Amino acid sequence: MFCFVILGRGVDMLLPIEFPSSIIGLLLLFIALSSGMLKQQYVEKICEQFNRHIGILFVPAGVALMGYFDLVQQNLLALIMAGSIGTVVIFFTVGHTYCFLNRASTNKTLNKKSNAKQGEDK
């Protein structure tokens, strides 16, 4: 895990635009796991530890937010609306993307089966 944090930071330093190095590290980890270069068993224990203590990671953000309490209070309606609309858009997008990918996967499987059956018929 630590190697991917360092790799993400290194890639971030090479990019001409600013991009969060933590996101780059997560993308690199995802690519490594998806491609099979990194086995799940190697990161499973540390991920369990992260999940067990994830609440602690949100404490600094919550404390920092309280420093801007007056600003949050003034814009509370806008923040609630942005959060609500964003949540609906994300649910809609993820749902439709899942349906699209599921249909594409099903069609690919059906096409393979029908091609195999046509080969048998000949």
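Everything numeric here is computed off the predicted structure, so don't read it as measured data.
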Inset, instruction - Any chance you could lay out the side-chain contact (heavy atoms from CB on, under 4.5 Å) test for F4 and L38, step after step, and finish with the verdict? - result: CA-CA 11 Å; F4 286 100; L38 181 66; 3.7 Å; yes

Inset, instruction - Test I24 against L15 for side-chain contact (heavy atoms from CB on, under 4.5 Å), laying out the working first. - result: CA-CA 11 Å; I24 295 171; L15 290 176; 3.7 Å; yes

Legend entry - Chi angles and distances behind the side-chain contact (heavy atoms from CB on, under 4.5 Å) call for R103, T106: CA-CA 5 Å; R103 259 187 259 120; T106 303; 5.6 Å; no

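Placement of L7 and L27 within a single hydrophobic cluster is found when ILVMFWY residues are connected by side-chain heavy-atom separations under 4.5 Å, directly or transitively. Linking Ile, Leu, Val, Met, Phe, Trp and Tyr residues whenever their side-chain heavy atoms come within less than 4.5 Å places M81 and V89 in a single cluster. By the criterion of side-chain heavy atoms lying less than 4.5 angstrom apart, applied directly or through intervening Ile, Leu, Val, Met, Phe, Trp or Tyr residues, L29 is grouped together with I23 in one hydrophobic cluster. V5 and L33 are not part of a single hydrophobic cluster, where members link through side-chain heavy atoms under 4.5 Å apart.
Summarising the geometry of G8 relative to L28, their closest heavy-atom pair is N-CD1, 4.1 Å, with the distance given to 0.1 Å.
Under the 4.5 Å side-chain criterion, counting only non-hydrogen atoms from C-beta, L26 is not in contact with F30.
Atom-to-atom distance recorded for M37:CE and I31:CD1 is 8.5 Å, nearest 0.5 angstrom.
Looking at S105, its side chain never comes within 3.5 Å of a backbone N or O of L101 through a donor-acceptor pair.
Evaluation of the side-chain contact (heavy atoms from CB on, under 4.5 Å) rule for I46 yields M1, V43, F50 as partners, not counting sequence neighbours. Residues meeting the ring pair (Phe, Tyr, Trp, His ring centres under 6.0 Å) test with H96, sequence neighbours left out: F92.
Shown here is Q40, whose CD atom has no more than 12 heavy atoms of other residues, nucleotides or ligands within 6.0 Å. Atom CD of Q41 has more than 12 heavy atoms from other residues, nucleotides or ligands within 6.0 Å.
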